Structures are given as C-alpha cells and as structure tokens.
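Count residues from 1 along the sequence. No experiment lies behind these values; they were computed from the predicted model shown.
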Amino acid sequence: MHRMVRTTTSLLLGIAAAAVFVTTTYGQINDSVRGVASEKNHFIETPKGWVQPKTPWGDPDLQGMWPISYVGTVPLERCSGGGRGRGPVCDPNKAWRTEEEYKQAVDAALGRGDRGRQLIEQGNYGQALLSGVTDPTFPQRQTSLIVDPPNGRLPELTPEGKRLGALMKSSWALPGEQGQTWDAPEDFDSWDRCITRGMPSSMMPYRYNNGLRIVQAPGYVVLDLEMIHDSRIVPLDNRPPLPSNILQYMGESRGHWEGNTLVVVTTNYHPGPSATNIGVMGSPGGNRVPVSPQMKTTERFTRLNDEMMLYELKTEDPV
C-alpha cells in the first residue's frame with residue numbers, strides 16, 4: 001500500500017486592483033460556501049441577492065485579474081517561524097485568528113503607510129527599490145495555507161520521496177548544507193533557470209509577480225500566470241486524457257463546472273520542479289520537494305461576490 005500524500009490549501013482571490021486568493025478548511029468548496037461570513041468562506045460574505053455573472057455563452061464568469069499576493073502573509077506550513085525565540089508561541093492546532101487578533105493585524109497593516117515613499121524621504125533609495133518590487137499583501141485570518149492535514153503541516157515524505165528529493169539540486173541551500181557545486185545547468189532548479197515553478201507551487205503566493213489572469217472562451221478557461229509567463233489552458237469539452245507517457249511540467253488539465261464552481265483536474269506531471277518553493281513563506285528550505293508522474297491536483301474556484309474568489313488546491317501523489 002502506498003502512502004497518499006495529500007495537502008489542501010485554500011486561498012482568497014480578489015478581482016482587479018483588489019484581487020485575492022483564499023483557502024478553506026472544508027474538503028470541497030462549492031457554491032454552498034456562499035452566504036453569511038463564516039470559517040467555510042474565510043469570513044467573506046456573499047451579499048444577499050448577489051447573482052453569479054455569466055459569459056455571453058452562459059458559463060459562470062470568473063474573468064479578471066486575481067492577484068495571489070493577497071494571501072502572501074499566510075505561511076504555507078503552520079507555525080513555520082513563530083515560537084522559536086523570534087515571536088509568540090504558535091499553537092499548531094489553531095487554524096484561524098480570532099476576530100480581535102485579525103483586527104489588530106489589519107490596523108497595523110493600515111497604519112504602516114507607504115514604505116517605499118518613506119524610504120525615499122530618508123534617502124534610502126536602494127531599500128526603496130526593493131520594497132517597490134515586492135507585491136502588496138494583506139492580513140488574513142487563516143494561520144497556514146495548508147488546511148489538511150489539520151495541523152497545517154506537510155505530510156512526511158515516503159521513503160521514495162526522500163530518495164528522489166536527495167537527488168534534486170538547487171541554488172537554494174538546505175539548512176546546514178555545505179559544498180554545493182555548479183558544474184552544469186542541472187545544478188540549478190527550474191525556477192533558478194526561469195523555466196517554470198511547476199505545480200502546485202505556481203498557484204502559491206510569492207514576494208513578486210503574483211498576477212493571475214483568468215480568461216474564458218467557449219469551451220476553455222485560461223489561467224495566465226505572471227511569474228515566468230506560464231499559461232495553463234483548461235479545456236471544458238470532456239476530451240479524453242493524454243496518454244500517460246506524455247508529461248509536462250505544468251501537467252495536462254481538464255475542467256468542468258459543478259454549479260458555478262470551476263473544477264480543474266490535472267495529471268501527466270513531468271518530475272523536475274519542486275512541489276513547494278522557498279519563495280512561498282513558511283515553505284521547507286532547499287526547493288527539493290519532489291513530484292512524480294502519478295501526481296494529481298484538483299482545484300476549485302468559487303466566486304463569492306464581485307471582488308472575492310475562494311480557491312482550493314488538493315494535491316495527491318502516492319509516490
């Protein structure tokens with residue numbers, strides 16, 4: 001029996017200048033998450049009487065710019081930094097901030113002002129430039145992007161996963177790693193070489209280039225990613241899957257509608273890119289979490305109102 005490695009992340013996504021990604025603690029998000037603010041919709045209310053917009057050909061309309069950076073303050077793994085002498089003790093069983101804790105975080109964020117402008121006024125132009133290329137984030141109530149397992153942590157790799165991870169290379173050193181060599185392009189990872197971030201990493205927040213544009217046409221949805229300009233073309237016409245020997249770094253996607261929720265199932269992944277990335281806050285170091293050709297991801301996109309979308313990503317890899 002294989003060990004099934006499964007992680008579920010939920011994100012809030014907002015549209016246009018206010019776009020957002022969100023994560024849910026519920027096994028499958030769908031149209032039922034709409035309604036009054038609660039944990040199941042990340043405390044984002046759907047106004048009473050709100051109607052899901054439709055495209056001219058009748059599909060639910062999800063089009064727009066949905067910056068993933070909206071949840072950039074949420075670590076991938078819970079308690080990945082706090083409680084080690086650098087901050088308050090973290091509760092690994094606490095999936096949500098209290099309303100008061102969230103209010104304090106929002107007040108602090110709103111009171112910090114324009115950091116770039118402040119640094120320019122101080123004459124610190126170098127730091128101002130660095131702050132200017134970092135995408136804006138906003139506090140969230142969730143305490144980790146991973147919500148399953150319930151402790152908000154990545155499951156332990158299988159023995160085969162550990163063996164494959166040990167063979168991976170990256171310019172990002174593992175904790176305590178010494179003596180890295182740079183003899184060939186393959187000594188760098190796919191993100192080092194600007195080839196791809198791969199999956200599921202591409203759908204996670206980064207310090208910069210967080211744009212996600214959703215474009216629709218009859219029979220298709222396109223997930224257009226700013227980072228490395230990956231575009232995921234998702235057909236909706238029930239076409240058969242590709243043969244298992246045809247593999248791609250971003251996999252092969254098939255989509256369908258469940259009510260107004262877009263469900264995207266992706267298989268045929270080519271091993272190479274790390275499943276997580278050090279650019280995602282709270283990720284393991286080293287960019288060496290392997291994927292196998294048997295990996296499968298299932299994503300669910302549910303629009304909550306005119307400005308917010310709930311996004312869930314489930315990753316399964318028996319290898």
Side-chain angles (χ1 to χ4, degrees), residues 7-27 29 33-46 64-83 87-112 115 134-154 200-212 276-277 279-283 299-314:
T7 61
T8 303
T9 64
S10 294
L11 306 173
L12 260 189
L13 297 174
I15 194 167
V20 184
F21 261 120
V22 182
T23 340
T24 177
T25 55
Y26 292 78
I29 66 167
V33 302
R34 294 180 178 144
V36 298
S38 66
E39 286 186 5
K40 69 179 183 179
N41 56 28
H42 289 245
F43 305 96
I44 304 298
E45 182 177 8
T46 300
M65 297 294 295
W66 304 92
I68 304 173
S69 58
Y70 193 82
V71 289
T73 62
V74 184
L76 177 67
E77 292 193 287
R78 191 174 305 149
C79 299
S80 57
V89 175
C90 178
D91 182 353
N93 299 310
K94 184 176 180 178
W96 302 94
R97 285 172 165 170
T98 65
E99 186 173 354
E100 180 59 29
E101 291 169 336
Y102 176 64
K103 183 180 183 301
Q104 291 175 1
V106 170
D107 289 344
L110 295 177
R112 65 192 173 197
R115 181 60 175 160
T134 301
D135 288 347
T137 60
F138 199 75
Q140 302 294 321
R141 288 191 65 165
Q142 67 189 104
T143 58
S144 61
L145 294 180
I146 294 175
V147 296
D148 183 13
N151 66 359
R153 307 288 292 184
L154 287 166
S201 180
S202 285
M203 299 300 289
M204 298 179 187
Y206 285 76
R207 292 184 291 269
Y208 58 89
N209 287 10
N210 283 276
L212 169 64
T276 67
N277 192 289
V280 182
M281 185 174 67
S283 292
E299 299 161 279
R300 305 177 72 88
F301 300 76
T302 300
R303 194 163 176 171
L304 299 176
N305 52 42
D306 287 337
E307 296 183 343
M308 296 290 180
M309 185 184 298
L310 193 61
Y311 170 79
E312 179 187 77
L313 167 65
K314 181 171 72 172

Please step through side chain to side chain contact (heavy atoms under 4.5 Å, CB included) for the pair I44 and L310, ending with a clear verdict.
CA-CA 9 Å; I44 304 298; L310 193 61; over 6 Å; no

Quick one: does any side-chain atom of [X] pair with a main-chain N or O of [Y] as donor and acceptor, under 3.5 Å?
X    : Y    : answer
R207 : T134 : no
D135 : S69  : no
T46  : L304 : yes
T98  : E101 : yes
E77  : L154 : yes
S283 : N277 : yes
R97  : P139 : no

Report yes if the side chains of [X] and [Y] come closer than 4.5 Å at any heavy-atom pair, otherwise no.
X    : Y    : result
E307 : W66  : no
T143 : V74  : no
S201 : T276 : no
E100 : Y102 : no
E99  : R141 : yes
Y311 : E299 : yes

Go through L76 and M281 one step at a time and tell me if the side chain to side chain contact (heavy atoms under 4.5 Å, CB included) criterion holds.
CA-CA 6 Å; L76 177 67; M281 185 174 67; over 6 Å; no

Should we say atom NZ of K103 is surrounded by more than 12 heavy atoms from elsewhere, each under 6.0 Å from it?
no

Minimum heavy-atom distance [X]-[Y], with the two atoms named:
X    : Y    : value
R78  : R153 : O-NH1, 2.5 Å
G72  : P205 : CA-CB, 3.8 Å
V147 : S144 : CG1-O, 4.1 Å
S202 : I68  : O-CD1, 4.1 Å

Can you tell me how far [atom2] of [Y] sits from [atom1] of [X], rounded to the nearest 0.5 angstrom?
X    : Y    : atom1 : atom2 : value
C79  : D91  : SG    : CG    : 6.5 Å
N210 : M204 : CG    : CE    : 12.5 Å
R303 : M308 : CZ    : CE    : 11.5 Å
E312 : D148 : CD    : CG    : 9.0 Å

Measure up the W96 and F43 rings against each other and bin them: parallel (under 30°), tilted (30 to 60°), perpendicular (over 60°).
perpendicular

Are V106 and F138 close enough, and set up right, to give a side chain to side chain contact (heavy atoms under 4.5 Å, CB included), and what steps lead you there?
CA-CA 8 Å; V106 170; F138 199 75; 4.0 Å; yes

With side chain to side chain contact (heavy atoms under 4.5 Å, CB included) as the test, would you mind laying out the steps for Y70 and Q140 before giving the verdict?
CA-CA 9 Å; Y70 193 82; Q140 302 294 321; 2.9 Å; yes

